Asker: 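Handing you this structure, nothing more for now.
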Amino acid sequence: SSPLTQGLDGVQVMNWMIHDRTSEPRSWPEAILGSLHENYMLDPIDGNSEAESRTEQEWVAFHHGLLERIDAKCRAMVDLVRSNRWDLFAASFCDAHDIGHQSWHWHDTDAPEHPRQWRERYGDPVLELYRKLDTAVGAIVNAAGANEVFLVAGIGMGRQTTCNPVFDQILGHLSGHSGTRSELRKLRHTRPWFDVPHNMNSGALRINLKGRERNGVVQPNDYDSTCDFLIESLNGVTDTATGLPVVADVARVRRDFPGPFTDQLPDLMVIWQREHRVSAVNVPGMGTLDVVPEVLVESRSGDHTPNALFVSSAHYESEQPVIATEAIAPTIGRSIGISIPGAEKSPLKPAWHDSIHKSN
């Protein structure tokens with residue numbers, strides 16, 4: 001029997017070796033956590049991969065620590081999956097996410113901060129970690145001997161590029177306001193629109209709408225025309241180095257994501273182009289703004305992309321070439337006889353008539 005499960009039955013949940021841990025590790029039942037630390041290891045990065053700067057040896061230690069995490073979690077999960085007859089066994093590895101944020105510049109040889117000499121000495125840590133994950137997944141699957149296996153990987157990772165540090169200054173210019181970010185934030189109650197915090201892959205803005213905001217400025221009848229003006233203006237902002245637009249797309253949240261809580265979200269999501277790092281932007285009527293990175297940007301050379309991966313040992317029918325994310329949970333649920341009431345998507349249908357079955 002496994003040291004994780006001696007004397008234990010039923011559901012087990014662990015918060016151990018995760019991304020950006022904000023509280024102490026915990027488990028249910030509580031006895032599991034002690035076994036994890038005693039029989040496997042303590043988290044070598046203590047639940048936090050973030051750092052504003054690292055020396056060469058600190059980078060090497062960080063990469064090595066992530067590999068150790070995968071090995072330890074893999075051993076624990078193999079022991080755990082063998083210890084019981086599970087209805088559903090799920091394990092999550094956050095290490096690809098962590099190394100993607102922190103070390104993408106080691107992998108991306110075209111990144112402006114790519115450490116060429118360090119890469120020559122130590123290789124590509126991102127590639128090495130992905131290979132380690134492949135091995136870990138294979139070991140857990142082999143130990144499980146399951147009839148159905150699902151692998152969900154995402155969201156993707158790519159080069160960090162953003163205009164968020166100057167986004168509110170651009171929005172201020174469009175409404176006749178000027179100043180630093182902190183100065184503009186103090187004027188939010190008088191401005192017709194302003195930015196709100198969001199991840200670096202897109203800027204988020206909220207319209208100061210009468211009847212919704214405490215100090216609303218924009219009339220509800222002007223909402224759509226205000227969105228039109230902002231989108232047209234933001235599409236005119238260009239990268240000073242290339243002359244190309246810095247905005248790849250704009251999502252109108254009310255239109256694209258309708259629902260009862262839409263008004264709690266930003267009104268527009270301004271998605272930045274991801275082809276290359278933007279150092280300065282040209283704003284019509286305003287001039288040039290240097291995109292000075294914030295600490296968060298400097299400490300993360302990689303950021304999220306829309307790409308994801310869904311792999312299953314079963315064959316499924318799909319009317320679309322890309323499987324909807326919302327269909328994954330219902331599909332996994334159905335595999336163990338559970339339905340999810342109110343799910344946005346139906347579970348995928350098994351493709352019993354695929355070419356392999358036809359040939360038989």
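Predicted model only: the values in this text are computed from it and were never measured.
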Asker: If we ignore angles and hydrogens, is there a donor and acceptor under 3.5 Å between the side chains of W272 and N164?
Answerer: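 Side chains of W272 and N164: pair found under 3.5 Å.
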
Asker: I'd like to know if the side chain of R54 pairs up with that of Q102 as donor and acceptor (distance under 3.5 Å, no hydrogens or angles considered).
Answerer: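 Distance-only check passes for R54 and Q102.
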
Asker: Please step through ring pair (Phe, Tyr, Trp, His ring centres under 6.0 Å) for the pair H304 and H101, ending with a clear verdict.
Answerer: CA-CA 8 Å; H304 303 295; H101 272 314; 4.7 Å; yes

Asker: Distance alone, cut at 3.5 Å: any donor-acceptor contact between the side chains of S178 and H173?
Answerer: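 There is no such pair (donor and acceptor under 3.5 Å, judged by atom type) between the side chains of S178 and H173.
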
Asker: Hydrogens and angles aside, do Q117 and E56 bring a side-chain donor and acceptor to less than 3.5 Å of each other?
Answerer: no

Asker: For P330 versus A343, what's the shortest heavy-atom pair and its separation?
Answerer: CG-CB, 3.9 Å

Asker: Return the minimal non-hydrogen interatomic distance between M269 and A204, and the atom names on each side.
Answerer: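 Between these two residues, the closest heavy atoms are SD-CB, 3.8 Å.
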
Asker: Side-chain donor-acceptor pairs under 3.5 Å in residues 135-146, sequence neighbours left out?
Answerer:
| unit_1 | atom_1 | unit_2 | atom_2 | d |
| --- | --- | --- | --- | --- |
| T135 | OG1 | R131 | O | 3.2 |
| N142 | ND2 | G138 | O | 3.2 |

Asker: Assign the ring pair W118 / W106 to parallel, tilted or perpendicular, where the plane angle (0 to 90°) is split at 30° and 60°.
Answerer: tilted

Asker: Do you see a donor-acceptor pair shorter than 3.5 Å between the side chains of S202 and H198?
Answerer: yes

Asker: Side chain of D249, backbone of I271: donor and acceptor closer than 3.5 Å?
Answerer: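 Absent.
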
Asker: Which word best sums up how the rings of F150 and F310 line up, parallel for under 30°, tilted for 30 to 60°, or perpendicular for over 60°?
Answerer: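 Ring orientation of F150 relative to F310: parallel.
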
Asker: Going by the rule side chain to side chain donor-acceptor pair (under 3.5 Å), which residues pair with D43 if we only count those two or more places apart in sequence or in a different chain?
Answerer: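 Side chain to side chain donor-acceptor pair (under 3.5 Å) list for D43, sorted by chain: R69.
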
Asker: Any chance CD of E120 has more than 12 other-residue heavy atoms, nucleotides or ligands included, within less than 6.0 Å?
Answerer: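 Yes, because the 6.0 Å sphere around CD of E120 holds more than 12 heavy atoms from other groups.
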
Asker: Which heavy atom in D303 sits nearest to a heavy atom in R274, and how many Å separate them?
Answerer: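 Looks like O-NH2, 3.5 Å.
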
